[in-house]
Amino acid sequence: MNSRMTWKGVGILCLVFLQLMIVPAVAAGDELDESRASLAKIQKQIEETLKGLRGKQAETGALTDDLNRLDREMRRLERLTERSRVKLEELAVRFKELRAALETLEKQRLATEAQVRKRLVVLYKTGEVGLVRALLSSTESPREITEKYAFLARMVRHDRNLLATYRQQAKDHENALKELEALRQEQAAVVARQRQEQETLDGARRGKQQLLAVVQRDQELLKGVLQELKAKATRLNDLVKKLETDQPQSYTGSLDGLTPLKGRLPWPVQGDLVVGYGTSRHGTLGTLIESHGLEIAAAVGTPVKSVAAGKVLFANALRGYGNLLILDHGGKDYTLYAHLARFDKQVGDVVAGGDRIAYSGFEGRESVYFEIRHGGKPLDPSAWLKPR
């Protein structure tokens, strides 16, 4: 067994240890505590909202907003559990690599130990006394004495290197065992954390099911929720009409508005369609609802782009839509972008088609709401956007 094999084994271990050090420690415990606190707060808010609905005192849109917050918190918990699952898989791979590296080191250590034992036996049986006597013998010529002295020096260096190699291998083996134990403890911690995350997620799901069962059984509550959805759309209609009436000067970049671009407009974000235009079944309540636009999946922080050139007519919050931005494209054509985390443009800014106007993710929502309107009347965006 030579030093090249020894340091190859050390190199394998160093690579594994380096990977373990590079992986950042995820503060999932803090996130789980935050989710639990948020769920408790949402549950309390839902209870207050239900009391208000029964007493006709709830704010418009309150329950649907609460349900949306609950869904977002559940999605966050799902991401936490998925992250823990992936972490466990990564740890299992590293554990296997570390075990293999440890076995290699153990074989090298045992082989070097055998060499040390063999060398000690030789020294015990013959010793180096004979060589010393031969070195000091007066019958030897100076050349022969020099050769024997060089041979003795090589043997001493060999023994020193052999012992140093053995000590290093023993040290590496001990460190590897410590790392293996640390990895076992990390695996146990991730398993426990994942169990807590799953239990919290299951509890949130049960709470949501119980809430929906109450709402669906209580026709008055269900009626109130549907009225909330209608009131939300009415607020947007009123806003668009007011803006169209009050604005001092319409956008004049294109007198034809969006008409020349019908069927060729780019999508504001490149996500899957969550809710289409027109009548569809509400994914949470199971009742039929009317949508005047499209809800498109988008991760938090996704850039939202203008579908055509225009001027920013509105950029502010609107209840039920989060942060809302409206573009005037001339010809009484408007596009509306909602559930935005923050704006990149302000009222009065002129934008080109494809310009970044905002970022998605209002209160952690993972979608963008998009409408096209002509003279305040909603149009089906699917007929205006590029087919996908």
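Below, all heavy atoms of this structure are taken into account, side chains as well, without hydrogens, waters or symmetry copies. These figures come from a predicted structure and were not determined experimentally. When a residue number appears, it is its place in the shown sequence, counting from 1.
- Under the 4.5 Å side-chain heavy-atom criterion for Ile, Leu, Val, Met, Phe, Trp and Tyr, Phe95 and Leu177 are members of the same hydrophobic cluster.
- Around NZ of Lys311, the count of heavy atoms belonging to other residues, nucleotides or ligands within 6.0 Å exceeds 12.
- Of all non-hydrogen atoms in Leu265 and Ala308, the two that sit nearest each other are CD2-CB, 4.0 Å.
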Between Val191 and Leu88, does the side-chain contact (heavy atoms from CB on, under 4.5 Å) criterion hold? Intermediate values first, please.
CA-CA 8 Å; Val191 168; Leu88 281 175; 3.7 Å; yes

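- Put simply, the side chain of Ile296 does not reach to within 4.5 Å of the side chain of Asp272, judged on heavy atoms.
- Between the side chain of Asp328 and the main chain of Gly330, a donor-acceptor pair closer than 3.5 Å is present.
- His339 and Tyr321 have parallel rings, their planes meeting at less than 30° on a 0 to 90° scale where 60° marks the start of perpendicular.
- No donor-acceptor pair closer than 3.5 Å links the side chain of Asp344 to the backbone N or O of Ala358.
- Side-chain atoms of Trp267 come within 3.5 Å of backbone atoms of Lys386 as a donor-acceptor pair (strictly under, hydrogens ignored).
- To the nearest 0.5 Å, atoms CD (Glu371) and CG (Asp380) are separated by 11.0 Å.
- Closest non-hydrogen pair, Gln346 versus Phe343, comes out as NE2-CB, 4.0 Å.
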Please lay out, stage by stage, how Lys305 and Asp355 fare under the test side-chain contact (heavy atoms from CB on, under 4.5 Å).
CA-CA 5 Å; Lys305 299 181 179 180; Asp355 280 358; over 6 Å; no

Verdict with supporting geometry, Leu313 and Val347, side-chain contact (heavy atoms from CB on, under 4.5 Å)
CA-CA 5 Å; Leu313 185 59; Val347 174; over 6 Å; no

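- Across all non-hydrogen atoms, the minimal contact from Asn323 to Leu340 is ND2-O, 2.9 Å.
- With hydrophobic clusters built from ILVMFWY side chains whose heavy atoms lie under 4.5 angstrom apart, Tyr359 does not share a cluster with Val269.
- Side-chain atoms of Ser360 never come within 3.5 Å of backbone atoms of Glu366 as a donor-acceptor pair (strictly under, hydrogens ignored).
- In this structure, the side chains of Ile357 and Val351 come closer than 4.5 Å at one or more pairs of heavy atoms.
- With hydrogens and angles left out, the side-chain atoms of His329 and Thr335 include a donor and acceptor closer than 3.5 Å.
- Closest approach of Ala297 to Val274, counting heavy atoms only: N-CG2, 3.6 Å.
- One hydrophobic cluster holds both Tyr277 and Leu273 under the rule that ILVMFWY side chains link at heavy-atom gaps under 4.5 Å.
- Salt bridge Arg85/Glu82: present, at least one basic N to carboxylate O contact under 4.0 Å.
- For Lys332, the NZ atom is loosely surrounded, since the number of other residues' heavy atoms within 6.0 Å does not exceed 12.
- Between Glu199 and Arg195 there is no salt bridge, since none of the side-chain N atoms of the basic residue sits less than 4.0 Å from a carboxylate O of the acidic one.
- Cluster annotation: Val304 is connected to Leu294 through the hydrophobic network of ILVMFWY side chains, with a link wherever side-chain heavy atoms come within less than 4.5 Å.
- Side-chain contact between Val368 and Thr302 is absent, with no heavy-atom pair separated by less than 4.5 Å.
- Taking the side chain as every heavy atom from C-beta outward, Val190 and Arg193 approach each other to under 4.5 Å.
- Here the OG1-CG distance, from Thr81 to Asp202, works out to 9.0 Å after rounding to the nearest 0.5 Å.
- Leu325 contributes atom CG, which lies 10.5 Å from atom NZ of Lys345 (distance to the nearest 0.5 angstrom).
- With rounding to the nearest 0.5 angstrom, the CG atom of Leu91 is 11.5 Å from the CG atom of Leu98.
- In this structure, the separation between CZ on Arg94 and CD on Glu179 is 12.0 Å, given to the nearest 0.5 Å.
- For the residue pair Gly263 and Pro387, the shortest heavy atom distance occurs at O-CD, 3.8 Å.
- Linking ILVMFWY residues whenever their side-chain heavy atoms come closer than 4.5 Å, directly or via other members, leaves Phe362 and Ile326 in distinct clusters.
- Looking only at distances, no side-chain donor or acceptor of Ser306 sits under 3.5 Å from a matching main-chain atom of Arg356.
- Looking only at side-chain heavy atoms (C-beta outward), Phe314 and Leu336 stay at 4.5 Å or farther from each other.
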Can you check salt bridge (charged side-chain N to carboxylate O under 4.0 Å, His left out) on Glu181 and Arg184, steps first, answer last?
CA-CA 5 Å; Glu181 180 58 29; Arg184 284 197 186 98; 3.4 Å; yes

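- A cation-pi arrangement is absent between Arg373 and Tyr334, since the terminal nitrogen or guanidinium carbon is not both under 6.0 Å from the aromatic centre and inside a 45° cone about the axis.
- Taking both residues in full, the closest heavy atoms of His374 and Leu379 are given as CB-CD1, 3.9 Å, listed atom of the first, atom of the second, then distance.
- Within the model, atoms NE2 of His292 and CZ of Phe370 stand 15.5 Å from one another, a figure rounded to the nearest 0.5 Å.
- With Ser84 as reference, Glu197 is the one residue of Gln194, Gln198, Glu197 to meet the side chain to side chain donor-acceptor pair (under 3.5 Å) rule.
- Counting heavy atoms from C-beta on, the side chains of Leu236 and Leu324 come closer than 4.5 Å.
- In summary, Glu295 and Arg365 engage in a salt bridge, as defined by a charged side-chain N under 4.0 Å from a carboxylate O.
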